[in-house]
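Quick one: the structure is below, and I'll ask about it shortly.
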Amino acid sequence: MNYKALNIKGTLTSLATPIVMGILNITPDSFYAGSRKQSETDIENRIQTILSEGGNIIDIGGYSSRPDANEVTAEEEMKRLISALKILNKHYPDAIVSVDTFRADIARRCVEEYGVAIINDISGGELDTTMFETVASLHVPYIMMHMKGSPKTMQQYTGYSDMIGEIMKYFAEKVQSLRQLGVNDIILDPGFGFSKTVDQNYELMAHLKEFCLFDLPLLVGISRKSMIYKYLEGTPAESLNGTTVLNTFALLNGADILRVHDVKAAVEAVKIINKLRNMPIDMIQ
């Protein structure tokens, strides 16, 4: 079996065992209130939690991408990110950090000034046409997500004649563009919750294995999202169990990276699935 890997700051990181990305939201309005961290103490406590629970990557976001989220200026987004990046650089210099931004200038500053290792772009280069060239020049892994419109408008764009086919075509064209620019480390994120209805999210999950055709690392981010709490008629705070169920399904169907609020639960899911995969086949029939 060919296992995927990422070149992160010159070190090859194997994805033979899936890895977990912990969410650090430096925002006042993320959809899950429990993830909002703004004071220095809150930020540092969250970083410690992600790392102590086995998170491999810390994903920092300063712009809420929930449906109908308010727009944030580039200056405000960068100001929020710096508050966390300074803490990371000072106290956790070895942590692998990704920045969740669709703005190329912010991506560049985070990499060049604060040593960020990965760019996580919810718009796949659609909201800033200079993003692909920027990522190519920075030589960092690039997480490319599928979304139509912007966080403010995305739920207006849920009309598809063939959703899976459209997302596959979207990725195929963008991967080709990135390859032509010399980008080697590309991670695909199908974009659960972005420009998709609850039922469409489940259709997407049911077809997740098809994205393995690209032979690229696959990231799944469904943590406490509306596809869980709306379907189960609950709240984000009540959605850990549903999140774990879907993360487990994703691991069984090709996910290499789980982006989560609850790192411990995700790490445990990875360990259990990995244990089962390593059992002699005659013992689990």
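Nothing here was measured: the structure is a model prediction, and the numbers come from that model.
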Below 30° counts as parallel, above 60° as perpendicular, anything between as tilted: where do the rings of His146 and Phe171 land? perpendicular
Is any side-chain heavy atom of Ile118 closer than 4.5 Å to one of Val97? no
Check whether any side-chain N or O of Glu53 sits under 3.5 Å from a backbone N or O of Val267 as a donor-acceptor pair, and report yes or no. no
For the residue pair Leu181 and Ala136, what are the closest heavy atoms and their distance? O-CB, 3.6 Å
Quick one: CD1 on Ile58 to CD1 on Ile50, what's the gap to the nearest 0.5 Å? 5.0 Å
In terms of side-chain geometry, is the basic nitrogen of Lys86 or Glu40 positioned less than 4.0 Å from the acidic oxygen of its partner? no
Rounded at 0.5 Å granularity, tell me how far CG in Leu188 sits from CD1 in Ile186. 7.5 Å
Could you check whether any side-chain heavy atom of Gln180 comes within less than 4.5 Å of a side-chain heavy atom of Gln176, counting everything from C-beta outward? yes
Side chain to side chain contact (heavy atoms under 4.5 Å, CB included) for Asp189 and Met144? Distances and angles first, verdict last. CA-CA 6 Å; Asp189 177 352; Met144 175 172 56; over 6 Å; no
Establish, from distance only, whether the side-chain atoms of Asn7 and Asp185 form a donor-acceptor pair under 3.5 Å. no
Got a salt bridge between Asp256 and Lys4, using NZ or NE/NH1/NH2 to carboxylate O under 4.0 Å? yes
If we count only N and O atoms by modelled type, under 3.5 Å, do the side chains of Asp121 and Tyr142 hold a donor and an acceptor together? yes
Would you say that Ile119 contacts Ile143 through its side chain, given a criterion of any heavy-atom pair below 4.5 Å between the two side chains? no
If you take all heavy atoms of Ile82 and Arg109, which pair is closest and at what distance? CD1-NH2, 3.9 Å
Strictly distance-based, threshold 3.5 Å: is any side-chain N or O of Asn278 a donor or acceptor partner for the main-chain N or O of Asn274? yes
Does a sphere of radius 6.0 Å around CZ in Phe214 hold more than 12 heavy atoms from other residues, nucleotides or ligands, not counting ones at 6.0 Å or beyond? yes
Residues Glu76, Arg80: salt bridge by 4.0 Å N-O rule: yes
Is Met227 reachable from Ile167 through a run of hydrophobic residues whose side-chain heavy atoms are each under 4.5 Å from the next? yes
Any side-chain heavy atom of Leu208 sitting closer than 4.5 Å to one from Leu218? yes
Report yes if the side chains of Asn253 and Met205 come closer than 4.5 Å at any heavy-atom pair, otherwise no. no
Interatomic distance, Leu252 atom CG to Leu276 atom CG [nearest 0.5 angstrom]: 8.5 Å
Between Lys169 and Glu173, does a salt bridge (Lys or Arg N to Asp or Glu O under 4.0 Å) hold up when you go through it step by step? CA-CA 6 Å; Lys169 183 173 183 286; Glu173 292 173 350; 2.7 Å; yes
Do Asp199 and Thr197 meet the criterion of a side-chain donor-acceptor pair at a distance under 3.5 Å? no
Both conditions, 6.0 Å and 45 degrees, for the charged tip of Lys148 above the ring of Tyr160: are they met here? yes
Decide whether Glu77 and Thr101 meet the rule of one side-chain donor and one side-chain acceptor closer than 3.5 Å. yes
Are Tyr92 and Ile47 close enough, and set up right, to give a side chain to side chain contact (heavy atoms under 4.5 Å, CB included), and what steps lead you there? CA-CA 9 Å; Tyr92 308 93; Ile47 292 167; 3.7 Å; yes
First locate atom CG of Leu240, then atom OG of Ser223, and finally report the distance between them rounded to the nearest 0.5 Å. 8.0 Å
Is it the case that atom CG in Asn45 sees more than 12 heavy atoms from other parts of the structure closer than 6.0 Å? yes
Evaluate the side-chain proximity of Leu81 to Ile106: yes if any heavy-atom separation is below 4.5 Å, no if none is. yes
For the pair Asp262 (side chain) and Ala265 (backbone), establish whether a donor and an acceptor sit closer than 3.5 Å, ignoring hydrogens and angles. no
For Asn56 and Met21, run side chain to side chain contact (heavy atoms under 4.5 Å, CB included): C-alpha distance rounded to whole Å, both residues' side-chain angles, the deciding distance at 0.1 Å, then the answer. CA-CA 6 Å; Asn56 306 91; Met21 170 186 282; over 6 Å; no
Would you say that Ile187 contacts Ile257 through its side chain, given a criterion of any heavy-atom pair below 4.5 Å between the two side chains? yes
What are the two closest non-hydrogen atoms of Ile8 and Pro141, and how far apart are they? CG1-CG, 4.2 Å
Where is the tightest heavy-atom contact between Tyr170 and Met147, given as atom of each residue plus distance? OH-N, 3.9 Å
Could you measure the distance from the OG1 atom of Thr134 to the CZ atom of Arg108? Nearest 0.5 Å is fine. 5.0 Å
Would you check if there is a donor-acceptor pair between the side chains of Arg224 and Thr235 at a distance under 3.5 Å? no
Looking only at non-hydrogen atoms, find the nearest pair between Leu251 and Arg277 and report the distance. O-NH2, 2.5 Å
Kindly indicate whether a cation-pi arrangement holds for Lys196 with Phe194, taking the cut-offs as under 6.0 Å to the six-membered ring centre and within 45° of the axis. no
Please examine the side chains of Leu12 and Leu6, heavy atoms only from C-beta on, and report whether any two atoms are closer than 4.5 Å. no
When Asp59, Val116, Ile57 are each screened for side-chain contact (heavy atoms from CB on, under 4.5 Å) with Ile96, the one that passes is Ile57
Closest non-hydrogen atom pair between Ala255 and Val220, with its separation: CB-CG2, 3.9 Å
How long is the gap from OG on Ser39 to CZ on Arg46, to the nearest 0.5 Å? 13.5 Å
Establish whether Leu258 and Val245 are linked, either directly or via other cluster members, by ILVMFWY side-chain heavy-atom contacts under 4.5 Å. no
Would a single hydrophobic cluster contain both Val183 and Leu15, if residues Ile, Leu, Val, Met, Phe, Trp and Tyr are joined by side-chain heavy-atom contacts under 4.5 Å? no
Can Leu216 be reached from Leu219 by stepping across I, L, V, M, F, W or Y side chains whose heavy atoms are under 4.5 Å apart? no
Assess whether side chain to side chain contact (heavy atoms under 4.5 Å, CB included) is satisfied between Met78 and Cys110, documenting all intermediate values. CA-CA 9 Å; Met78 193 67 212; Cys110 288; 3.9 Å; yes
Does Val270 belong to the same Ile/Leu/Val/Met/Phe/Trp/Tyr cluster as Ile19, with side-chain heavy atoms less than 4.5 Å apart forming each link? no
Does a salt bridge link Arg259 with Asp100, judged by any charged N lying under 4.0 Å from a carboxylate O? yes
